[in-house]
Amino acid sequence: MAGAGNKTPAVELQVGDRTVRLSHPDRVYFSARGETKLDLARYYLSVGDGIVRALRERPCMMHRFPEGVSGEKVHQKRLPRGAPPWVETVRVDFPSGRHADELCVTHLADVIWAVQMSTVEFHPWNSRRSDTERPDEWRIDLDPMPQCDFATVRRVAHVAHDVLNELDAVGWPKTSGGSGIHIYVRIEPRWGFADVRRAALAFAREVERRAPRDVTTTWWRKDRDPAKLFVDYNQNARDHTIASAYSVRGVPEATVSTPIGWDEVDDVEPRDCTIMTVPSRIARYGDLHAGIDRAVYSLDALLDWAARDEREGAADPTI
């Protein structure tokens, strides 16, 4: 493989009815095994339906690594200049009064063009451009503290699954690509970010009640038990994003935030889910999140739990 400093001819990739030019295809992006920019593009082509489903019509922050993941990381909210006319955007506004026209994926070619722009990670909002202020996705982030092992993450994932079943909510788990597990739930886009976050906090507190030895909802990181798992309800706040399903992570091992089945929770090894292994998973099992848009949940019951907790004095610690 050519080194990062060598100039190699660009390649053209046919993606549906669009052609995407990929410059520096042999630039090494992931140092652990030597995967290149072209390897990254081929990975996203191999999981095309899955990554587009995860990103479709959502404002999307691009995490770019122009020199590979060992180099500088650029958090790109605004679409870079020079995008082809077929790449779409969605405007989002910020409390400062500023706004950004963010990438809005509608086709796989948009993803491959983003790779050409050195994007490794895709971090979408949990709302869509039809109404960016009303999320249609509730995100449960099982985030282990530094001394919390993955066995604890597995146990807490099962507790979360039990609570979701009691709520008649369908949860779609995935590895985070790091040390945790994410669970997504499609919801009716009836509520703003504040109410979705209230519902997420009520859920987190219920998981904590059932697994107090393993779970914390303590807000300030310095006050948390380092051996516990934090159920990070704040990932549902406005303008907070986490890596999508099928997003590669910006680490030398090229791990992937990978959809898994509930029956895999006790066996999956997140470090084994990489751009080299996930294509064979999707070829074998298909997209395990394929049905996510057909399982839509109402937050009414969780908001009732939130109101109960607030009456009992368990206020949101950030307010």
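Just so it is clear, the model here is predicted, and its values are computed rather than measured.
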Q.
The test is side-chain hydrogen bond (donor to acceptor under 3.5 Å, both in side chains); show your working for Gln76 and Arg64 and say whether it passes.
A. CA-CA 7 Å; Gln76 187 89 36; Arg64 299 173 54 231; 2.9 Å; yes

Q: Apply the test salt bridge (charged side-chain N to carboxylate O under 4.0 Å, His left out) to residues Asp223 and Arg221: give CA-CA distance (whole Å), side-chain angles for both, the deciding distance (0.1 Å), then the verdict.
A: CA-CA 5 Å; Asp223 296 330; Arg221 187 180 184 91; over 6 Å; no

Q: Test salt bridge (charged side-chain N to carboxylate O under 4.0 Å, His left out) on Arg27 and Glu35 and set out the steps.
A: CA-CA 8 Å; Arg27 175 168 288 164; Glu35 292 98 342; over 6 Å; no

Q | Residue pair Lys37, His24: steps toward the side-chain hydrogen bond (donor to acceptor under 3.5 Å, both in side chains) verdict | A | CA-CA 7 Å; Lys37 185 178 183 180; His24 306 290; over 6 Å; no

Q: Could you walk me through whether Trp138 and Phe203 pass the ring-ring contact (aromatic ring centres under 6.0 Å, His included) test, one step at a time?
A: CA-CA 11 Å; Trp138 157 34; Phe203 179 88; 5.0 Å; yes

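Thr218 places no side-chain N or O within 3.5 Å of a backbone atom of Trp220 that could act as its donor or acceptor partner. A distance-only check finds no donor-acceptor pair linking the side chain of Ser70 to the backbone of Gly68 [under 3.5 Å]. Here the side chain of Lys228 pairs no donor or acceptor atom with the backbone of Met145 at under 3.5 angstrom. Judged by distance alone, the side chain of Arg281 and the main-chain N or O of Pro259 form a donor-acceptor pair under 3.5 Å. In this structure a side-chain-to-backbone donor-acceptor pair under 3.5 Å is missing from Arg197 to Arg238. Although no hydrogens or angles enter the test, the distance criterion places no donor-acceptor pair under 3.5 Å between the side chain of Thr255 and the main chain of Cys273. Without hydrogens or angle criteria, Thr132 side chain to Arg129 main chain gives no donor-acceptor distance under 3.5 Å. Under the 3.5 Å distance criterion, the side-chain polar atoms of Thr119 are left unmatched by any main-chain donor or acceptor of Glu121. With hydrogens and angles ignored, the 3.5 Å screen pairs a side-chain donor or acceptor of Tyr44 with a backbone N or O of Val248. Listed for the Asp162 side chain is no donor-acceptor partner under 3.5 Å among the backbone atoms of Val159.
Ion pairing of Arg139 with Asp232 is absent here, as no side-chain N (NZ or NE/NH1/NH2) approaches a carboxylate O to less than 4.0 Å. Electrostatic pairing of Arg190 and Asp300 counts as a salt bridge here, judged by a charged N lying under 4.0 Å from a carboxylate O. The pair Glu137-Arg186 counts as a salt bridge, with a side-chain nitrogen and a carboxylate oxygen less than 4.0 angstrom apart. Between Glu310 and Arg198 there is a salt bridge, since at least one side-chain N of the basic residue sits less than 4.0 Å from a carboxylate O of the acidic one. Under the 4.0 Å criterion applied to side-chain N and carboxylate O atoms, Glu208 and Arg205 are not assigned as salt-bridge partners. Residues Asp214 and Arg155 are paired through a salt bridge, judged by an N-O separation under 4.0 Å between the basic side chain and the carboxylate. By the 4.0 Å N-to-carboxylate-O rule, Glu102 lies too far from Lys77 to be salt-bridged with it. With respect to Asp39 and Arg33, no salt bridge is recorded, no charged nitrogen being found less than 4.0 Å from a carboxylate O.
Note that Arg81 lies outside the cation-pi zone of Trp113, set by a 6.0 Å cut-off to the ring centre and a 45° limit from the axis. Note that Arg224 lies in the cation-pi zone of Phe230, set by a 6.0 Å cut-off to the ring centre and a 45° limit from the axis.
Note on Met61 and Phe65: separate hydrophobic clusters, where clusters join Ile, Leu, Val, Met, Phe, Trp and Tyr whose side-chain heavy atoms are under 4.5 Å apart, directly or indirectly. Two different hydrophobic clusters hold Ile242 and Val111 under the rule that ILVMFWY side chains link at heavy-atom gaps under 4.5 Å. No continuous path of hydrophobic side-chain contacts links Val296 to Ile292 [ILVMFWY only; heavy atoms under 4.5 Å].
Residue-environment remark: CD (Glu166) exceeds the threshold of 12 foreign heavy atoms within 6.0 Å. Other residues, nucleotides and ligands contribute only 12 or fewer heavy atoms inside 6.0 Å of the CZ atom of Arg42. Enclosure of atom NE2 in His240 by more than 12 non-hydrogen atoms of other residues, nucleotides or ligands within 6.0 angstrom is indicated. The number of heavy atoms from other shown groups lying within 6.0 Å of CG (Asp49) does not exceed 12. For Arg271, the CZ atom is loosely surrounded, since the number of other residues' heavy atoms within 6.0 Å does not exceed 12.
Every side-chain hydrogen bond (donor to acceptor under 3.5 Å, both in side chains) that Asp287 has, sequence neighbours left out, goes to Arg53, Tyr246. Scanning for side-chain hydrogen bond (donor to acceptor under 3.5 Å, both in side chains) contacts around His289 gives an empty result, with sequence neighbours left out. Ser176 meets the side-chain hydrogen bond (donor to acceptor under 3.5 Å, both in side chains) test with no other residue; sequence neighbours excluded. For Arg128, the side-chain hydrogen bond (donor to acceptor under 3.5 Å, both in side chains) partners two or more places apart in sequence, or in a different chain, are Asp136, Asp293.
As a member of the Ile/Leu/Val/Met/Phe/Trp/Tyr network built from side-chain separations under 4.5 Å, Val251 groups with nothing else and remains a singleton.
Residue Leu13 holds its CG atom at 14.5 Å from CZ of Arg18, rounded to the nearest 0.5 Å. Here the straight-line distance linking atom CD of Glu57 with atom SG of Cys104 works out to 5.5 Å at 0.5 Å rounding.
Counting heavy atoms from C-beta outward, Val153 and Ser179 have side chains that stay 4.5 Å or more apart. In this structure, Val156 and Leu229 have side chains that are in contact, with non-hydrogen atoms separated by less than 4.5 Å. Side-chain atoms of Ile183 and Leu142, non-hydrogen and from C-beta on, do get closer than 4.5 Å to each other.
In this structure, Phe94 and Trp125 have tilted ring planes: the angle between them lies in the 30° to 60° band.
Aromatic ring centres of Phe30 and Tyr43: separated by at least 6.0 Å.
Counting only residues at least two apart or on different chains, the ring pair (Phe, Tyr, Trp, His ring centres under 6.0 Å) pairs with a member in residues 146-169 are His161-Trp262.
The shortest non-hydrogen separation linking Val52 to Thr106 is CG1-O, 4.3 Å.
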